> 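One structure follows; several queries about it will come next.
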Amino acid sequence: MDFNLKKLTSDAGVFFTRAVQFTEEKLGSAEKTELDAHLENLIARADCTKNWTEKIFRQTEVLLQPNPIDHTGARIEEFFYEKLDKKIPSRTTNGELLGQYMLDAAKDFGPGTPYGSTLITVGEYQSRLGGAEREFLQTSAINFLTPLRNFLEGDWRTISKERRLLENRRLDLDICKARVKKAKQAEAKAAAEPDFQETRPRNYVLSASASAAEQELRVAQTEFDRQAEVTRLLLEGISSTHVNHLRCLHEFVEAQATYYAQCHQYMQELQKELSRYPNSFASNANPSTSATCPSPVSSATLPGVSPPCLASSSTPGIAQEPSGPLKIPDVQQPSTGHRKAKVLYDYDAHDTSELSLLADELITVYTVPGMDPDWLVGERGNQKGKVPVTYLELLS
């Protein structure tokens, strides 16, 4: 108990003297030992690395998980799994949840209905997008976030601890320097007194005090130099940290590129799937028109081109004679109104009335009265057929 009390008293005394030295340095009344330029540069570089790594880490967390509270306290869940040293279970993404809701809704609306079948198609692709997102989140967390976190919570804590210890050693060194300076000044003052013979015992004590202070100074200088070397070695390791984080950054970009490429591919496939039924919503949106004009549309008929009938007449009381459906060979390119279009994606014709497309090729397109706005007539040389608008970029 006595030993602990003495140690506590000693530590309190050391803390007090360091605080006094630090305060006097700030006030300019005490000298301060400056670190060498190389060590100062290493410290500045380490601080810069820590600050930017922390900002990048926090913002990447926000990017990967914008609303952690939405997942029923995901942060708290991750904390408990980390403390229990267990693997965090795979969490369902919002895209997967949306896809599942669409599939469940399709069961109630009827898979055979246009709306139900479309919900199934879109829901399946939403689930795929959600799966790609989950894989991206997991890969980014392992290959990018974890190394950054390990640096902030591991290496940087060690560096900070050694830097605090170096600062304490520096304060101890300056305290010893101040003591030696005071002891030498007192010894010189005593030696200059006229009654030197009478004050010999006092001068002996002063000389012994100066020698002891010099011995303490040598010990403090040795400890400071040793701690400065340890700190320097740790700070020079920041270069290795930069190399490691550079590799992790490449892996993060690769994961992003893979994720966005998958999303682009899935959306292209989904657009192709939906383009196979361009008139399903149009026929349901205008049931009266389809009931009045029940003419069947053959595979060679342009979608959305309704045959003339009584219901489509814009002038009441004027009847028009019904005619057969408009076919591809009957369509002639108008003298005006045709445009060039660049094909964005490959498209495979589903029947003889459609025109297959190749990405980046140029074709001539135009429309005909009453034609579905989602489709145009496209011509390439002697070939002619209907093409979906979503696959084209119309040029002026």
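These figures come from a predicted structure and were not determined experimentally.
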> Quick one: does Q100's side chain have a donor or acceptor within less than 3.5 Å of a partner on L97's backbone?
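Not a single qualifying donor-acceptor pair exists.
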
> To check you understand the geometry: which heavy-atom pair defines the closest contact between A46 and L235, and what is its length?
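Reported closest heavy-atom pair: CB-CD2, 3.6 Å.
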
> Run the numbers on R218 and Q221 for side-chain hydrogen bond (donor to acceptor under 3.5 Å, both in side chains), then give the verdict.
CA-CA 5 Å; R218 286 192 291 270; Q221 184 69 54; over 6 Å; no

> To the closest 0.5 Å, what do you measure between CD (E133) and CG (L64)?
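It comes to 9.5 Å.
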
> Which atom names give the shortest non-hydrogen contact between A255 and T139, and what distance separates them?
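Closest approach of A255 to T139, heavy atoms only: CB-CG2, 3.9 Å.
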
> For D372 and D374, which heavy atoms make the closest approach, and how far apart are they?
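Heavy-atom minimum between the residues: OD1-N, 2.9 Å.
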
> Taking side chain as C-beta onward, heavy atoms only, is T92 less than 4.5 Å from R134?
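No; the side chains remain at least 4.5 Å from each other.
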
> Would E273 and Y125 satisfy side-chain contact (heavy atoms from CB on, under 4.5 Å), going step by step from the backbone distance to the final call?
CA-CA 10 Å; E273 289 290 335; Y125 277 94; 3.9 Å; yes

> Stepwise, does the side-chain hydrogen bond (donor to acceptor under 3.5 Å, both in side chains) test hold for R380 with T364?
CA-CA 7 Å; R380 185 203 304 114; T364 301; over 6 Å; no

> When you check the gap from the basic side-chain N to the acidic O, do R247 and E251 get nearer than 4.0 Å?
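Yes, this pair counts.
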
> Start with the C-alpha distance between L166 and L39, add both sets of side-chain angles, then the distance that settles side-chain contact (heavy atoms from CB on, under 4.5 Å), and finish with yes or no.
CA-CA 11 Å; L166 176 63; L39 188 56; 4.1 Å; yes

> Given side chains that start at C-beta, do those of L171 and T17 come closer than 4.5 Å, heavy atoms only?
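Not in contact.
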
> For A106 and L119, work out which heavy atoms get closest and say how close.
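Scanning both residues completely, I find the closest heavy atoms to be CB-CB, 4.0 Å.
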
> When hydrophobic residues are tied together by side-chain contacts of less than 4.5 Å, even through go-betweens, does M102 share a cluster with Y115?
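Cluster IDs for M102 and Y115 match.
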
> Yes or no on side-chain contact (heavy atoms from CB on, under 4.5 Å) for L394 and L376, after CA distance, side-chain angles and deciding distance?
CA-CA 11 Å; L394 298 180; L376 294 172; 4.1 Å; yes

> Is there a side-chain hydrogen bond (donor to acceptor under 3.5 Å, both in side chains) between T93 and E96 once you walk through the steps?
CA-CA 5 Å; T93 62; E96 290 175 312; 3.2 Å; yes

> On the 0 to 90° scale, with breaks at 30° and 60°, tag the H264-Y345 ring pair as parallel, tilted or perpendicular.
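Answer is tilted, since the angle falls between 30° and 60°.
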
> Using only atom types and a distance under 3.5 Å, with no angle test, would you say the side chain of S140 pairs donor to acceptor with the backbone of L137?
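Not a single qualifying donor-acceptor pair exists.
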
> Looking at side-chain heavy atoms only, is the closest gap between T241 and F151 below 4.5 Å?
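Of all side-chain heavy-atom pairs linking F151 with T241, at least one is under 4.5 Å.
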
> Just wondering, do P373 and V389 contact through their side chains at under 4.5 Å, heavy atoms?
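No - every pair of side-chain heavy atoms lies 4.5 Å or more apart.
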
> Any chance you could measure Q262, atom CD, to F136, atom CZ, to the nearest 0.5 Å?
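Going from the CD atom of Q262 to the CZ atom of F136 covers 11.0 Å.
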
> Assess whether salt bridge (charged side-chain N to carboxylate O under 4.0 Å, His left out) is satisfied between R164 and E167, documenting all intermediate values.
CA-CA 5 Å; R164 287 193 299 269; E167 179 66 10; over 6 Å; no

> Nearest 0.5 Å please: distance from the CH2 atom of W156 over to the CG atom of N51.
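Those atoms lie 7.5 Å apart.
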
> Which atoms form the tightest heavy-atom contact between T146 and A141, and what is the distance?
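Taking every non-hydrogen atom into account, OG1-O, 2.7 Å.
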
> Compare all side-chain heavy atoms of H338 with those of V365 and state whether any distance is below 4.5 angstrom.
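Result no, sub-4.5 Å side-chain heavy-atom pair not found.
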
> Are the side chains of K340 and E393 in touch, meaning some heavy atoms are under 4.5 Å apart?
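A side-chain contact under 4.5 Å is absent here.
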
> Find out if a path of hydrophobic residues (ILVMFWY) with successive side-chain heavy-atom gaps under 4.5 Å connects I238 to L249.
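Yes, one cluster joins them.
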
> Among the clusters formed by ILVMFWY side chains lying less than 4.5 Å apart, do I175 and F224 turn up in the same one?
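In one cluster: no.
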
> When rounded to the nearest 0.5 angstrom, what distance separates OG1 in T258 from CD in E135?
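So the gap between those two atoms works out to 8.0 Å.
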
> Is it true that K342 and E361 make a salt bridge, defined as a side-chain N closer than 4.0 Å to a carboxylate O?
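Here K342 does not pair with E361 in a salt bridge, since their nearest N and O are not under 4.0 Å apart.
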
> Does D346 use its side chain to pair, donor to acceptor, with the backbone of L358 at less than 3.5 Å?
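Not confirmed, D346 side chain does not pair with L358 backbone.
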
> Does any part of the side chain of T367, heavy atoms only, come nearer than 4.5 Å to the side chain of V377, both counted from C-beta?
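No, side chains not in contact.
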
> Between R163 and D47, is the closest basic N to carboxylate O distance under 4.0 Å?
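Counted as a salt bridge, because a side-chain N and a carboxylate O are separated by less than 4.0 Å.
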
> Would you tell me whether E379 and Y366 have side-chain atoms, one donor and one acceptor, within less than 3.5 Å of each other?
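The answer is yes; a qualifying pair exists.
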
> Look at atom CD of E223 and say whether more than 12 heavy atoms of other residues, nucleotides or ligands are closer to it than 6.0 Å.
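Enclosed.
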
> Show, in sequence, the C-alpha distance, side-chain angles and deciding distance for H242 and T49, and conclude whether the side-chain contact (heavy atoms from CB on, under 4.5 Å) test is met.
CA-CA 8 Å; H242 286 186; T49 300; 2.8 Å; yes

> Are side-chain N/O atoms of Q265 and E269 paired as donor and acceptor at under 3.5 Å?
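Indeed, the side chains of Q265 and E269 share at least one donor-acceptor pair under 3.5 Å.
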
> Kindly give the heavy-atom pair with the smallest separation between F144 and C248, and that separation in Å.
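What the structure gives for the nearest pair is CD1-O, 3.6 Å.
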
> Hydrophobic clusters here meaning ILVMFWY residues chained together by side-chain heavy-atom distances under 4.5 Å, can you tell me if L152 and I159 are in one?
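Both belong to a single hydrophobic cluster.
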
> Could you check whether any side-chain N or O of N244 sits under 3.5 Å from a backbone N or O of S240, counting only pairs where one atom can act as donor and the other as acceptor?
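Judged by distance alone, no pair lies under 3.5 Å.
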
> For the side chain of Q227 and the backbone of E162, is there at least one donor-acceptor N/O pair under 3.5 Å apart?
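Checking the backbone N and O of E162 against the side chain of Q227, a donor-acceptor pair under 3.5 Å is found.
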
> From R169 CZ over to D174 CG, what is the distance, rounded to the nearest 0.5 angstrom?
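Between atom CZ of R169 and atom CG of D174 there are 13.5 Å.
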
> Between K184 and E214, is there a salt bridge with N-O shorter than 4.0 Å?
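Yes.
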
> Examine the side chains of Y347 and E354 and answer whether a donor and an acceptor come within less than 3.5 Å of each other.
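Their side chains do contain a donor-acceptor pair, which is all the 3.5 Å distance test asks for.
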
> Please determine whether a side-chain nitrogen of the Lys or Arg among E229 and R226 lies less than 4.0 Å from a carboxylate oxygen of the Asp or Glu.
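A salt bridge is absent here (no side-chain N lies under 4.0 Å from a carboxylate O).
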
> Between K50 and E54, is there a side-chain N and carboxylate O pair less than 4.0 Å apart?
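Judged by the 4.0 Å cut-off on N to carboxylate O distance, K50 and E54 do form a salt bridge.
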
> Do T60 and I56 come within less than 4.5 Å of each other through their side chains, counting heavy atoms only?
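They are in contact (side-chain heavy atoms under 4.5 Å apart), so the answer is yes.
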
> May I ask you to say whether E236 pairs ionically with R232, meaning some side-chain N is under 4.0 Å from a carboxylate O?
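Salt bridge between E236 and R232, a charged N being under 4.0 Å from a carboxylate O: yes.
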
> Are Y260 and V253 connected, step by step, through hydrophobic side chains (Ile, Leu, Val, Met, Phe, Trp, Tyr) whose heavy atoms are closer than 4.5 Å?
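Different clusters.
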
> Measuring from R128:CZ to L270:CG, what's the distance to the nearest 0.5 Å?
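So the CZ of R128 and the CG of L270 are separated by 9.5 Å.
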
